[in-house]
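Presented below is the structure to which this report refers.
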Protein chains: 2
Amino acid sequence: MENRLDKTAHKILLKRLNLVADIDAEDEAAVLELPVTVREFDAGIDIVSEGQYVSQCCILIDGFTYRYRHTLEGKRQIIAFHVSGDIPDLHSLHMNYMDHSFAATTRSRIGFVSHDAVWDLCIRRPKVAAALWRETLIDGAIFREWIVGLGRLSGHSRTAHLLCEIAMRMRAVGLAPDYVYRLPLTQHELADALGLTVVTVNRVLKDLRLNGVVDRERSRMTIREWKTLARLGEFDPRYLHFRVPITMMAEMPPEGA
Amino acid sequence: MENRLDKTAHKILLKRLNLVADIDAEDEAAVLELPVTVREFDAGIDIVSEGQYVSQCCILIDGFTYRYRHTLEGKRQIIAFHVSGDIPDLHSLHMNYMDHSFAATTRSRIGFVSHDAVWDLCIRRPKVAAALWRETLIDGAIFREWIVGLGRLSGHSRTAHLLCEIAMRMRAVGLAPDYVYRLPLTQHELADALGLTVVTVNRVLKDLRLNGVVDRERSRMTIREWKTLARLGEFDPRYLHFRVPITMMAEMPPEGA
DNA sequence: CGCCGGTTTGACCCGCGTCAAGTTGGGTGG
DNA sequence: CCACCCAACTTGACGCGGGTCAAACCGGCG
């Protein structure tokens with residue numbers, strides 16, 4: 001629990017707010033005043049746990065995190081992945097009971113902001129409130145996309161879709177400038193997100209690898225044929241509702257890195 | 001497209017806002033001033049379609065509606081069901097591109113409010129804005145719940161869970177005072193929500209009927225053993241984030257109507 | 001009376017789960 | 001510098017939940 005003098009967390013938050021909505025200089029100044037406490041978390045431990053009542057929000061500075069829940073028979077379902085700039089529990093501002101947990105897959109740095117401070121900011125700066133609201137709505141749009149995948153797509157398609165989604169969201173925050181990105185997930189974690197088993201995920205990835213679509217060595221993910229992968233996963237990035245048109249990845253070279 | 005003099009839509013909206021958050025008399029007065037246009041829609045037709053850019057929100061006055069998307073091979077996945085008081089496309093306020101469609105299963109009355117009017121209201125009445133934001137977050141919480149179900153529960157459990165969820169949400173708006181409610185859905189529609197096929201849904205419902213858990217004659221749904229159904233569906237209503245504690249249904253008699 | 005959407009049921013099949021047995025490679029301690 | 005360990009990954013064999021196909025059945029309605 002160390003308070004930082006540098007404004008890394010604030011800068012990341014501002015970057016996100018600008019990515020999501022349109023805020024002005026005064027808004028930015030107000031955001032920079034937010035009291036933020038930065039903490040680090042080791043891989044594999046809960047940052048927030050199901051059942052807790054929370055009074056602060058988390059902004060992910062760096063690392064890779066996810067949200068999940070367990071069924072009664074102990075199966076785990078991962079609900080969302082999060083990259084730098086995401087505010088995974090922003091919803092807690094309005095519903096402080098956590099109905100799921102939030103954990104890290106790699107050592108992660110998280111900025112904590114109290115709900116009170118966020119409320120205060122929202123009231124003084126309606127455009128910031130709007131940006132934050134929009135951020136939670138994009139979260140919801142991603143959930144909808146996952147529902148469609150889990151309900152109606154095959155294991156192969158779901159996997160392809162997830163790889164596309166993560167690539168694009170990382171790209172939006174500068175973490176996947178080309179077709180290569182760091183995907184610090186075990187196949188078990190992928191399986192728990194995709195509603196599959198490790199065995200199946202392993203076979204799907206093998207297929208994709210043998211077909212030259214993607215490649216994965218340790219946590220380094222390489223998309224070799226974006227178009228093929230996107231078609232297979234029925235990936236249409238409009239559900240991510242980026243303000244910068246859609247063309248980020250669509251304009252990438254058709255094949256190869 | 002008929003403009004009503006009666007304030008039915010406003011009253012329903014106010015009831016919802018009060019259910020979801022804490023607003024005061026001035027807020028209520030401002031809400032009552034909202035220009036609302038009421039229209040009726042026949043069963044089976046789209047109220048809003050995927051791909052549209054919209055500039056108004058819908059509040060469901062009465063009827064039963066749902067949101068859905070199709071996969072490329074034409075399979076349909078229903079994403080959400082909606083009952084009186086829901087504002088199914090409130091998210092469009094911030095993301096006016098519709099990434100899914102919105103349709104009715106019964107003849108439904110819908111109130112339309114322009115985004116401009118809602119924006120204006122949100123800026124003048126921050127507590128109303130907060131209530132609306134919260135409403136979209138509950139929407140998101142339901143999505144998460146569906147993800148867990150689709151990813152990790154059996155067909156039987158998912159079905160049980162859905163029946164519980166609809167019962168409870170209808171109950172919250174007074175449409176299921178006891179264990180009986182009108183569920184105007186075909187088995188095909190249920191299947192598209194549950195990620196199953198009609199055949200399977202039929203068999204699941206048969207099992208539930210034979211075990212005396214639920215009963216369904218035409219569109220009349222009767223839950224005979226709430227506890228059994230809730231246990232089977234791993235239904236914990238906290239994800240619905242009602243303000244009125246949790247005890248609405250928990251206090252109902254243990255068995256039978 | 002006959003059509004038609006919705007429901008029900010049977011027979012069969014397949015994607016994915018389950019179980020189980022390796023294999024691989026980075027990390028650790030002797 | 002090697003021996004060992006353990007988590008993650010792989011692969012094969014087999015079974016089942018739910019999908020697919022197809023044929024009734026049922027009740028409301030023109």
Side-chain angles (χ1 to χ4, degrees), chain A residues 42-45 64 71 73-78 105-107 149-162 182-210 214-221 232-233, chain B residues 42-45 64 66 71 73-78 103-107 149-162 182-211 214-221 232-233:
Chain A
D42 277 329
I45 67 162
F64 200 89
T71 65
E73 14 174 45
K75 293 180 182 170
R76 179 175 68 166
Q77 176 66 41
I78 289 177
T105 62
T106 57
R107 187 162 179 79
L150 286 165
R152 291 297 183 220
L153 297 185
S154 69
H156 279 76
S157 290
R158 256 134 69 195
T159 307
H161 188 284
L162 180 61
R182 194 168 130 66
L183 184 69
L185 293 174
T186 65
Q187 294 183 356
H188 190 79
E189 287 160 336
L190 281 172
D192 283 347
L194 294 166
L196 300 171
T197 57
V198 210
V199 177
T200 304
V201 166
N202 184 279
R203 286 174 175 140
V204 168
L205 289 177
K206 181 184 173 189
D207 285 354
L208 291 175
R209 184 178 350 108
L210 291 181
V214 305
D215 209 347
R216 187 157 183 269
E217 45 194 61
R218 308 227 75 22
S219 70
R220 180 190 176 80
M221 184 73 219
L232 178 58
Chain B
D42 277 330
I45 67 162
F64 200 89
Y66 63 100
T71 65
E73 10 173 52
K75 293 179 183 169
R76 179 174 69 165
Q77 176 66 40
I78 289 178
T105 61
T106 56
R107 186 162 179 79
L150 287 166
R152 290 296 183 221
L153 298 186
S154 70
H156 279 75
S157 291
R158 257 134 68 194
T159 307
H161 188 283
L162 181 61
R182 194 169 129 67
L183 184 70
L185 293 174
T186 64
Q187 295 184 357
H188 190 79
E189 287 161 336
L190 281 172
D192 284 346
L194 295 166
L196 300 171
T197 58
V198 211
V199 177
T200 305
V201 166
N202 185 280
R203 286 175 176 140
V204 168
L205 289 177
K206 182 185 173 190
D207 285 354
L208 291 175
R209 185 177 351 107
L210 291 182
N211 289 329
V214 305
D215 209 348
R216 187 158 183 269
E217 46 194 61
R218 310 225 71 30
S219 70
R220 179 189 176 80
M221 183 74 221
L232 178 59

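Chain identifiers are assigned alphabetically (A, B, ...) following the order of the sequence lines, protein sequences preceding nucleic acid strands; residue numbering begins at 1 within each chain.
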| said: Tell me the interatomic distance from B:Glu73, atom CD, to C:dG15, atom P, rounded to whole angstroms. | reply: 12 Å

| said: Nearest to the side chain of A:Leu196, heavy atoms from C-beta on, is which of D:dG12, C:dG17, D:dC21? | reply: C:dG17

| Whole-Å distance between D:dG18 C1' and B:Leu205 CG? | 15 Å

Please list, pair by pair, any protein nitrogen or oxygen found under 3.5 Å from a nitrogen or oxygen in nucleotides 22-24 of chain C.
none

| Does a distance-only test, which skips hydrogens and angles, find a donor-acceptor pair under 3.5 Å between the side chain of A:Arg203 and the base of C:dG15? | no

| message | Assess the residue pair A:Asn202 and A:Val198 against the criterion (side chain to side chain contact (heavy atoms under 4.5 Å, CB included)); give the C-alpha distance rounded to whole Å, side-chain angles, the decisive distance to 0.1 Å, and a yes or no. | response | CA-CA 6 Å; A:Asn202 184 279; A:Val198 210; 5.7 Å; no

Quick one: which protein N/O atoms are closer than 3.5 Å to N/O atoms of nucleotides 7-9 of chain D? Pair and distance per line, please.
unit_1 : atom_1 : unit_2   : atom_2 : d
D:dC9  : OP2    : A:Gln187 : N      : 2.8

| task | Start with the C-alpha distance between B:Arg158 and B:Leu150, add both sets of side-chain angles, then the distance that settles side chain to side chain contact (heavy atoms under 4.5 Å, CB included), and finish with yes or no. | result | CA-CA 7 Å; B:Arg158 257 134 68 194; B:Leu150 287 166; 4.0 Å; yes

| request: Please report, rounded to the nearest Å, how far the P atom of C:dC14 is from the NE2 atom of A:His156. | output: 16 Å

| note | note: B:Arg158, atom CZ; D:dG17, atom C1'; distance rounded to Å ~ 10 Å

| message | For B:Leu208 and B:Leu232: C-alpha separation, side-chain torsions, deciding distance, then whether side chain to side chain contact (heavy atoms under 4.5 Å, CB included) applies. | response | CA-CA 10 Å; B:Leu208 291 175; B:Leu232 178 59; 3.7 Å; yes

| task | Let me know the distance between CG of B:Asp207 and P of C:dT8, rounded to the nearest Å. | result | 12 Å

| task | Check every strand shown and say whether B:Gly44 touches a base, only sugar-phosphate, or nothing at a heavy-atom separation below 4.0 Å. | result | nothing

| Rounded distance (nearest 0.5 Å) linking atom OG1 of B:Thr105 with atom CG of B:Leu183 | 8.0 Å

| query | In whole Å, what is the span from the CG atom of A:Leu153 to the C1' atom of D:dG18? | reply | 17 Å

| Any B:Lys206 side-chain N or O less than 4.0 Å from OP1/OP2 of C:dT8 | no

| field | Euclidean distance, A:His156 NE2 relative to A:Arg203 CZ, rounded to 0.5 Å | value | 11.0 Å

| query | If you measure from CG on A:Asp215 to CE on A:Met221, what distance do you get to the nearest 0.5 Å? | reply | 7.5 Å

| B:Thr186: side-chain contact (heavy atoms from CB on, under 4.5 Å) partners, not counting sequence neighbours | B:His188, B:Glu189

| request: Send over the distance from B:Arg220 CZ to C:dT7 P, rounded to a whole Å. | output: 17 Å

| remark: When rounded to the nearest 0.5 Å, the distance separating CG of A:Asp192 from OG1 of A:Thr197 is 10.0 Å

| message | Distance check, rounded to the nearest 0.5 Å: A:Leu194 atom CG versus A:Thr159 atom OG1? | response | 4.5 Å

| task | Examine D:dG19: is either OP1 or OP2 under 4.0 Å from a nitrogen or oxygen in the side chain of B:Thr197? Give yes or no. | result | yes

| query | Rounded to the Å, how far apart are B:Leu150 CG and D:dG19 C1'? | reply | 16 Å

